[in-house]
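Proteins come first, then strands; the chains are lettered A, B, ... in the order of their sequence lines, and each starts at number 1.
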Amino acid sequence: MNYLDTLNPSQRSAVEHIDGPLMVIAGAGSGKTRVLTYRIAYLIGNGIEPFHILALTFTNKASKEMRDRIQKIVGHEAKNIWMGTFHSVFAKILRIEGEKLGYTSNFTIYDTEDAQSVLKDILKEWNLDDKLYKPSYVYHRISKAKNALVSWKKYLQSSEWAFEDEKHGRHRIGEIYKEYASRCFKANAMDFDDLLFNTNLLISNFEEIRQKYQQKFQYILIDEFQDTNISQYSITRMLADKHCNICVVGDDAQSIYSFRGANIENILNFQRDYPNVKIIKLEQNYRSTQNIVCAANSVIKHNKFQLEKKVWTANEKGEKIRLLKANNEAEEARLIALSIFEEKNKRGLSNNHFAILYRTNAQSRALEEALRRLNIKYKIIGGMSFYQRKEIKDMIAYLRFSVNPLDEEAFKRIVNYPKRGIGENTIEKLLVTSHEKNIPFWNVLQQYESFFGKSRISQAINEFVTLIKSFQIQIQQKDAYEAALYIAKMSGVLRELYEDKTPEGKVRYENVQELLNSIKAFTDSPENTDKSLTSFLQQIALVSTADTELDQDAVTLMTIHASKGLEFKNVYVVGLEENLFPSQTMIENREDLEEERRLFYVAITRAEQKLTLSYALQRYRNGKLVACEPSRFLFEIDNRYIEKVQTVSSFSDFENSSPSKFSTQSFFSQHSTTPSYVHIPSPSFKPASASELRVGMRVEHQKFGFGIISEIDHNNQRAKVLFEHFGEKTLILSYAKLMIHLLN
DNA sequence: GATTGGGTCGTTTTT
DNA sequence: CGACCCAATC
């Protein structure tokens with residue numbers, strides 16, 4: 001097996017360990033994915049059947065990538081490995097076995113929005129103060145309980161949880177939890193946490209199911225183990241109970257998901273639960289330069305909680321880490337965009353070698369604008385995903401409701417969209433009757449007249465019921481695509497959007513078409529054996545923001561959380577300001593601050609060759625401009641690895657630097673965003689590359705901006721300039737005074 | 001029951 | 001700045 005020869009001794013011993021518990025502590029960039037894939041290939045090479053292997057990853061993308069890589073070594077057999085995220089694998093199992101718990105196989109998966117909407121209804125009905133009982137907070141609390149395997153019954157009994165709630169004056173959370181669980185159950189729906197919670201119930205309460213899956217999953221592998229929660233660990237432990245062939249891979253220094261219930265102590269628990277565990281540490285980093293690795297180490301050493309580990313690298317020393325200071329958010333974005341532009345020119349890199357990482361999704365705006373101005377292609381991972389758009393959620397709600405007519409959240413979205421004359425009062429009446437008499441509202445709907453009598457409204461409701469029933473028939477008879485197409489047409493959603501001729505309306509129409517295309521792709525793909533609509537819905541409910549394809553040539557913008565597991569030649573980490581990163585809410589708690597620092601560690605270790613950090617002195621928050629201080633994390637990096645970059649960052653800096661380097665000239669242009677030409681000031685100046693020349697500009701003594709040279713035309717002594725502006729959104733130029741700055 | 005306008009409010013990270 | 005909620009009208 002020649003692929004083994006490419007491994008170092010630690011990696012190799014991890015790969016060749018077949019039986020018994022194994023824990024791999026893998027530092028950043030130490031070839032963790034490689035070890036996992038080779039290990040699975042090695043198991044198969046040693047006669048273990050692929051369908052006896054269960055591999056759990058953090059994102060769908062990671063599992064897809066791993067499956068592809070295994071396939072390259074072992075061939076088509078890789079298809080039979082059970083591989084996926086915790087949520088997707090257990091959703092699959094629940095579809096098969098869920099009846100034991102009272103769910104049907106076409107249960108709905110409620111996303112965060114659906115779940116919070118259920119909670120909102122309860123809080124409203126119970127007249128609870130929605131400041132004290134914010135749906136997001138209640139949801140978080142219930143989620144936390146579920147992930148710690150605390151049922152609503154236990155929650156109500158436990159003094160510990162009640163104590164925590166009473167401390168904040170929220171003594172009714174237990175009751176809300178109970179009501180919420182009951183409503184989800186009646187809707188034949190599970191939220192994200194239920195997928196794990198119910199799997200736990202299934203495996204612990206049903207002997208025959210436990211044995212069945214213990215027998216099936218003889219070899220279990222878990223990636224990103226540091227980010228698993230109690231619920232996830234409990235499932236895998238029960239599954240591994242018989243054969244004890246469980247291999248976990250993780251890095252305590254990269255545990256960044258405690259807000260989702262991730263429990264870093266699982267690493268310690270694992271050693272306690274499996275005393276004969278073999279522990280292997282992967283400490284050589286193959287990804288980054290020495291400077292980057294050392295800087296990362298100098299940061300993480302400030303944390304108290306960590307396993308002993310020395311990450312090192314044999315790579316070259318590399319450049320120092322650059323630190324940029326900007327006056328404000330917009331300028332920070334400009335500096336980054338400019339740096340990418342110059343870096344591309346200087347080293348012939350392409351867009352996909354760059355990533356910009358930030359703490360919160362909202363930070364992407366300024367960056368987008370700056371990149372657009374320089375015509376640099378970019379893509380944003382996360383933020384508002386395709387499936388979260390209103391028109392898509394509406395369309396999906398039709399599909400969901402047709403598949404599962406108990407799905408209350410889907411019902412509420414579509415019952416009066418497009419308009420049918422069924423208003424809020426009617427819906428409210430309907431749902432109250434359903435809850436009070438304990439009759440599924442789908443039944444109330446069908447017998448609306450016998451409850452409320454004949455009226456214009458009952459007419460509308462009957463038509464709606466007939467419509468949905470026709471959809472149900474389509475679903476039974478046709479594949480997912482044909483059924484969905486029928487539903488899109490007959491429901492009136494397509495027509496409604498088609499008739500909207502505003503630009504946004506057109507985009508929405510196209511988006512729904514795009515959704516239909518993706519359903520077509522789903523039914524056409526030979527990899528999907530189950531082509532039902534149910535199966536499609538299940539899959540899309542669990543796609544994550546990090547699953548987006550990365551291969552097109554664009555600069556990647558994303559949160560640090562979404563960047564886990566990825567690597568880029570050049571990385572920019574922006575917004576390093578106190579109260580932003582580390583975030584304000586994290587600063588109050590010492591332990592949380594450690595997690596925040598791990599987040600910084602993750603950000604740094606994404607970079608292969610060049611790392612740039614930046615912060616702004618002013619930033620907009622709540623629409624107000626506030627002064628910012630540099631992040632405490634910046635002071636924790638050992639000075640040896642940092643270079644502070646003096647940037648020409650404002651017009652006055654520009655004007656005050658050495659006068660001999662300037663020349664002024666008049667300048668005419670139609671519009672600021674179109675490229676313009678400027679004359680190169682001194683005939684003797686022959687810039688070797690575009691990046692050696694910058695242009696500053698002043699209009700009417702106050703508006704100002706910078707341009708950068710994108711092309712040099714030596715024959716005509718002129719250069720093409722792309723202008724960008726700050727201070728004004730659009731600036732139509734009629735006359736400007738230019739200052740040409742020669743960097744050399 | 002639908003449509004419009006004004007006012008308020010808030011900001012972490014995600015399966 | 002924008003998303004969301006509520007009250008006042010058609």
For the residue pair [X] and [Y], confirm or rule out a side-chain donor-acceptor distance under 3.5 Å.
X: A/N462; Y: A/E449; value: yes
X: A/Y155; Y: A/R141; value: yes
X: A/Y378; Y: A/R372; value: yes
X: A/Y180; Y: A/D191; value: yes

Can you tell me which nucleotide in [options] comes closest to the side chain of [X]?
X: A/N425; options: B/dG1, B/dT12, B/dT15; answer: B/dG1
X: A/R365; options: B/dT12, C/dG2, B/dG1; answer: C/dG2
X: A/K419; options: B/dA2, B/dT15, B/dT12; answer: B/dA2
X: A/K120; options: B/dA2, B/dT13, C/dC5; answer: C/dC5

N or O in side chain of [X] less than 4.0 angstrom from [N] OP1/OP2:
X: A/T559; N: B/dT14; answer: yes
X: A/T426; N: B/dG1; answer: yes
X: A/N361; N: B/dT13; answer: yes
X: A/N416; N: B/dA2; answer: yes

May I have the distance from [X] (atom [atom1]) to [N] (atom [atom2]), rounded to whole angstrom?
X: A/I256; N: B/dT15; atom1: CD1; atom2: P; value: 11 Å
X: A/Y417; N: B/dA2; atom1: OH; atom2: C1'; value: 16 Å
X: A/Q538; N: B/dT15; atom1: CD; atom2: P; value: 16 Å
X: A/F90; N: B/dT15; atom1: CZ; atom2: P; value: 17 Å
X: A/H140; N: B/dT13; atom1: NE2; atom2: P; value: 14 Å
X: A/L593; N: B/dT12; atom1: CG; atom2: P; value: 16 Å
X: A/I381; N: B/dT13; atom1: CD1; atom2: P; value: 15 Å
X: A/Q363; N: B/dT12; atom1: CD; atom2: C1'; value: 10 Å

Inset, instruction - Kindly say whether, by distance alone, the side chain of A/R260 makes a donor-acceptor pair under 3.5 Å with the base of B/dT13? - result: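 For A/R260, whose side chain was compared with the base of B/dT13, there is no donor-acceptor pair (under 3.5 Å).
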Inset, instruction - Tell me, with the steps shown, if A/D121 and A/R183 meet salt bridge (charged side-chain N to carboxylate O under 4.0 Å, His left out). - result: CA-CA 11 Å; A/D121 285 351; A/R183 289 197 187 184; 5.1 Å; no
Inset, instruction - Please map the stems of DNA chain B, keeping only stretches of three or more Watson-Crick or G-U wobble pairs with both distances under 3.5 angstrom. - result: B:1-9 with C:2-10
Inset, instruction - Give A/D193 one of three labels, base, sugar-phosphate or nothing, depending on what nucleic acid heavy atoms sit under 4.0 Å from its own. - result: nothing
Inset, instruction - Pick base, sugar-phosphate or nothing for A/Y257, based on heavy-atom distances below 4.0 Å to the nucleic acid. - result: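 Result for A/Y257 = sugar-phosphate.
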Inset, instruction - Could you say whether A/I422 or A/T360 is positioned toward the 5' end of DNA chain B, judged by the nucleotide with the nearest heavy atom to each? - result: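 Nearer the 5' end of the strand: A/I422.
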Legend entry - Nearest-nucleotide comparison on DNA chain B, the residue closer to the 5′ end among A/I457 and A/A362: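 Looking at the nearest nucleotide for each, A/I457 comes out on the 5' side.
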Inset, instruction - Measure from the ring centre of A/F259 to the centre of the six-membered ring in the base of B/dT13, then say whether that distance is under 5.5 Å and the planes meet at under 30°. - result: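 The base of B/dT13 is stacked with A/F259 (centres under 5.5 Å, planes under 30°).
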Inset, instruction - Taking atom P in both C/dC4 and B/dT13, compute the distance separating them and give it to the nearest angstrom. - result: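 After rounding to an integer number of Å, I get 15 Å for this pair.
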Legend entry - Whole-Å C1' distance, B/dT12 and C/dC5: 24 Å
Inset, instruction - Please name the residue in the list A/D114, A/D407, A/T534 that meets the side chain to side chain donor-acceptor pair (under 3.5 Å) test with A/T108. - result: A/D407
Legend entry - OH on A/Y417 to CE on A/M395, rounded to 0.5 Å: 9.5 Å
Inset, instruction - Mark yes or no: A/K146 above the aromatic ring of A/W152, with NZ or CZ under 6.0 Å from the six-membered ring centre and no more than 45 degrees from the axis. - result: no
Inset, instruction - Look at the side chain of A/T556 and the backbone N and O of A/A355, then say whether any donor-acceptor pair between them is shorter than 3.5 Å. - result: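 Such a contact is absent between A/T556 side chain and A/A355 backbone.
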